[in-house]
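I have placed the structure first, in the form of structure tokens, so that the comments after it can refer back to it.
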Amino acid sequence: MAADAEKATARVEAAVGPGVRQDRAGSSTDDRLAVDSISGEEKARQSDSELDDAAEERLENGTPALESGVKRAPQNRRASSFAKTATVVPRSERRGLFGRFSIIPEIDRPYDYTRKTKWAITAIVALAAAASPMGSGIFYPVLPELSRDFGATETLVNLTVALYMLSMSIFPLWWSSFSETLGRRTIYIVSFTLFIIFSILSAVSANISMLIVMRMLSGGASASVQAVGAGTIADIWETSERGRAMGIFYLGPLTGPLFAPMIGGALAQKYGWRSTMWFLVIYGAVTFLGIFFGLPETLAKRRLPPPRPSTASNTGPDDLRRVSTARSLKDNTKYAGFLLKRFITEPLQVILYLRYPPVLISVYSASIAFGALFVLNISIQATFSIAPYSFSTIVLGLLYLAPSLGYVTASTLGGRWVDHIMVREAQKAGRRDADGNLVYLPEDRMRENMWLAATLYPAAMIWYGWTAQNGLHWIIPCIANFFFGCGSMLVFGAVTTMLTEFMPRRSSSGVAVNNFVRNIFSCVGAIVAQPLLDAMGNGWLCTMVGLFAWVTGNAAVYMLKKRAPAWRIQMDKAMRDA
């Protein structure tokens, strides 16, 4: 078998040069995730496939073949201060929309960016990821004013948040699918252009119907980063450091709940609710500029669609013949079928990843916590805007600071904790590859951290519900909300990182299906929260949601701990055979 692998390597090096061997040696730790479950024969086939991919990538980049195995640096590449060993792609060859304008250059291997460059890219993506949750969080303090302005019921006004979240669940299916072909950068630029346009239209809405529709479209546009952003993190960070990087990335989405309600309350109190939409326009424009000038393409390789069939063919130097009408119709029908599959069917196929138990259970863990979060968000503005609290709009915004501080605390410390757990579990099991490097498995991220998280946020929610219902001093339910933020953030961070590792070659798709399910839960939570609050009160509503989340959340952790290794092996095999 070793001889077969050497022959495969020799064939590729003869075509593209010995540099491929070096590329293979520096490959991602993700490629070693399933090392214990792959037989020797499967490893050889996988090695051949990856070497072929490397050869194709060199040919696509225009790198000339090297002769006689002599090592020579490609003529169209140069070294960069932004990367440790990789070389910069020339401006004329950079991928992504307006890629040549990025200050941080595209390089051959994104893992080889310097740590400083990786953190800069992570920060840009995190700031972009803040736009989507900011668009929902900024509206919570202004919902009562919006109801008075348009003469709409509370339930109808809540649709401006609920349907915004629903669009955030659906649109990423397409953003994630297109990013695997068009690249990350193109998706960011297109989606934020649309976000700015729809936010302007939201600001000038003449009635509640127009506002709901424009809010839906702006939510779908800004949601691109929710799926593609995690893919970017997976593109540039190796597994042993990805937990911390994903935690910092999630600080972006969580700055929405942290700052948006306070900003929304302050702006609305002085300038009215429309000023919150103009703030989103400004934030979107600033983020767009950061992406345009600071974010390179990080996708390692993209799949290009086949060329459109020609309606003519050359049969001689001077003889141009038209193909028959039947042949032309057949070719164009085939091409139309390809486009239909690529732009309609393939994005929806992302949902089929839920048939794999590790994906389904991981996604459920995050979704039930996300649904509980939006029940809590609606409850805060509904409870503290009336007696005995009767807080003003700006104070309502400040109340969202408590759970947001919990998010930031868990995001900052939780990522380091999970990375430590990953190293500990790999060392404890003695999992090392042929080079002596530790081999990390995605299910290692669900240890004591998830047991704590799955109990902490449901308990905090019950604590909040009864203290708020009995009108205790506002600091007591706020302390409960801080712990809710800590527990739920530990779940979000661990699940998102696990999904990029369960599906290392389809990281954006894994995060997209997670967003799809969890935002449906959040939409349902935002819609049913107010009627259930009116019928049950905070105490019993939070108890019902909290107990359900505690039982099912801990059951999910238990099942992953017991069955994840076997399920992952089956999933890896099914994905390779697909």
Side-chain angles (χ1 to χ4, degrees), residues 28-30 82-83 86 89 94-99 102-133 171-192 195 221-239 241-254 287-288 290-302 350 411 415 492-493 496-501 503-515:
S28 163
T29 310
D30 286 339
F82 290 94
V89 176
R94 292 180 189 173
R95 298 170 298 157
L97 197 60
F98 305 112
S102 175
I103 297 172
I104 299 176
E106 179 185 349
I107 64 174
D108 291 327
R109 283 176 36 82
Y111 279 143
D112 289 333
Y113 278 118
T114 63
R115 288 183 63 82
K116 194 174 293 186
T117 305
K118 289 181 181 180
W119 283 121
I121 294 173
T122 302
I124 292 171
V125 176
L127 289 174
S132 186
F171 280 70
L173 300 180
W174 276 264
W175 293 133
S176 130
S177 177
F178 293 161
S179 76
E180 302 297 337
T181 298
L182 303 175
R184 319 293 194 200
R185 177 181 169 88
T186 298
I187 296 303
Y188 291 138
I189 289 177
V190 171
S191 63
F192 268 84
F195 175 67
S222 63
S224 62
V225 195
Q226 298 292 305
V228 183
T232 300
I233 302 303
D235 291 341
I236 63 176
W237 290 98
E238 297 195 44
T239 307
E241 300 177 303
R242 195 173 295 162
R244 182 186 177 194
M246 198 68 74
I248 298 301
F249 162 69
Y250 254 94
L251 282 178
L254 295 175
T287 303
F288 175 86
I291 292 170
F292 191 88
F293 292 109
L295 198 64
E297 180 56 63
T298 60
L299 185 66
K301 184 180 178 182
R302 60 179 177 175
V350 170
S411 181
F492 300 149
T496 303
T497 312
M498 273 198 310
L499 286 172
T500 66
E501 293 164 356
M503 306 165 61
R505 300 291 184 182
R506 301 174 175 88
S507 55
S508 289
S509 298
V511 179
V513 74
N514 180 42
N515 287 335

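Only this structure's heavy atoms are used, side chains among them; waters, hydrogens and symmetry mates stay out. A quick note: this is a predicted structure, and the numbers were derived from the prediction, not measured.
- Taking CD1 of I104 as the start and CZ of F293 as the end, the distance is 13.5 Å to the nearest 0.5 Å.
- For the pair W119/W237, a side-chain contact is recorded, criterion being any heavy-atom separation below 4.5 Å from C-beta on.
- Here the OG1 atom belonging to T122 is positioned 9.0 Å from the CZ atom belonging to F249, to the nearest 0.5 angstrom.
- Residues satisfying the ring-ring contact (aromatic ring centres under 6.0 Å, His included) criterion with F98, sequence neighbours excluded, are F292.
- The closest side-chain heavy-atom distance from V225 to T232 is not below 4.5 Å.
- Under 3.5 Å, the side chains of S179 and Y188 contain no donor-acceptor pair of N or O atoms.
- Note on ring orientation: taking the six-membered ring where Trp is involved, the planes of F195 and F192 are perpendicular (angle over 60°, cut-offs 30° and 60°).
- Between P105 and P296, every side-chain heavy-atom pair lies at or beyond the 4.5 Å cut-off.
- Residues passing the side-chain contact (heavy atoms from CB on, under 4.5 Å) test with L127, sequence neighbours excluded: Y283.
- Side-chain contact, R184 with T298: no donor N or O sits under 3.5 Å from an acceptor N or O.
- S224 and W174 share no side-chain donor-acceptor pair at under 3.5 Å.
- Between R185 and E106 there is no salt bridge, since none of the side-chain N atoms of the basic residue sits less than 4.0 Å from a carboxylate O of the acidic one.
- A distance of 8.5 Å separates CD1 in I124 from CD1 in I291, rounded to the nearest 0.5 Å.
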side-chain contact (heavy atoms from CB on, under 4.5 Å) evaluation trace for L295 with V125: CA-CA 8 Å; L295 198 64; V125 176; 3.9 Å; yes

